[in-house]
Amino acid sequence: AQSVTQLGSHVSVSEGALVLLRCNYSSSVPPYLFWYVQYPNQGLQLLLKYTSAATLVKGINGFEAEFKKSETSFHLTKPSAHMSDAAEYFCAVSNQNQGGKLIFGQGTELSVKP
Amino acid sequence: DAGITQSPRHKVTETGTPVTLRCHQTENHRYMYWYRQDPGHGLRLIHYSYGVKDTDKGEVSDGYSVSRSKTEDFLLTLESATSSQTSVYFCAISLAGANTDTQYFGPGTRLTVL
């Protein structure tokens, strides 16, 4: 069975600092991996996704993530945090051959201090 | 923004009453999904649909039923609401249900069962 673990339910950074949100997956087959962001009182929107084309994936708003098979990780990074990055971030893995169903991690809330 | 609306956006109901949530899309996407979001659990799949009248169960389907009589509408019904079903419910759509497809999310419905 596939699963996703996000390390740290809350992460706080200062404006301008590096953002690092951790995601580890468990999968017996090559996974497809996603990062979604949820701003307060809104639905989720896609930041980026890994579909095996390239291990370093660039997304919207300056975020990127690197797929590391040896570490079963797909950590999300951004070099310099902005106040507008404050949100909840979800890592998800696609359930193989079952209608694109997503299995989500528990989420990481990012706070950005001025 | 993907054309997805959910209604109602907020609902308070009493234990034992039936509740129906509606998801409406204008994108003509084949696949539709219902998730619930709870603190510490991320999003969990309740049911999904891969076409008109074609539905299947997700991870947490007990106590829920769905129907899809038209491409654009996907209904989630709580036959007899319980306090454990207090949650935020999100509808999502994807074009073809492929593992690499992006899912687009609606704005959510906040349901409180007293």
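Hydrogens, waters and symmetry mates are skipped; everything else that's a heavy atom, side chains included, is used. On a predicted model such as this, the values are computed, not experimentally measured, just so you know.
With a 4.5 angstrom heavy-atom cutoff, B:Arg30 does not touch chain A via any of its atoms. Only the side chain of B:Gln37 comes within contact range of chain A, with heavy atoms under 4.5 Å apart. Looking at A:Gln45, there are no atoms closer than 4.5 Å to chain B (heavy atoms on both sides), in backbone or side chain. In this structure, chain B has a heavy atom under 4.5 Å from the side chain of A:Glu88, while its backbone stays farther away.
Two residues are said to be in side-chain contact when any heavy atoms from C-beta on lie closer than 4.5 Å; B:Tyr35 and A:Leu102 meet this criterion. Counting heavy atoms from C-beta on, the side chains of B:Leu43 and A:Leu44 come closer than 4.5 Å. A:Lys101 places none of its side-chain heavy atoms less than 4.5 Å from the side chain of B:Tyr31.
In terms of heavy atoms, A:Asn41 sits closest to B:Arg9 at O-NH2, 4.2 Å.
Taken together through direct or relayed side-chain contacts under 4.5 Å among Ile, Leu, Val, Met, Phe, Trp and Tyr, A:Ile60 and A:Leu33 form part of one hydrophobic cluster. A:Leu56 is not connected to A:Leu18 by any chain of hydrophobic side-chain contacts under 4.5 Å among Ile, Leu, Val, Met, Phe, Trp and Tyr, and they are in different clusters. Note on B:Phe105: it clusters hydrophobically with A:Leu46, by side-chain heavy-atom contacts below 4.5 Å among ILVMFWY residues. Hydrophobic clustering (ILVMFWY, side-chain heavy atoms < 4.5 Å, transitive): A:Val11 and A:Tyr39 are in one cluster. When the side chains of ILVMFWY residues are joined at heavy-atom separations under 4.5 Å, either directly or via intervening members, B:Leu78 and B:Leu75 end up in two distinct hydrophobic clusters.
Between the side chains of B:Thr102 and A:Lys49, at least one donor N or O sits under 3.5 Å from an acceptor N or O.
Of the possible donor and acceptor atoms, one in the side chain of A:Tyr36 sits under 3.5 Å from a partner among the backbone N and O of B:Gln103.
Applying the 6.0 Å contact sphere to CD of B:Glu14 captures no more than 12 heavy atoms from other residues, nucleotides or ligands. Environment of CZ in B:Arg44: crowded, with over 12 heavy atoms of neighbouring residues, nucleotides or ligands closer than 6.0 Å.
In this structure, OG1 in B:Thr100 is found 12.0 Å from OH in A:Tyr50, a value given to the nearest 0.5 Å.
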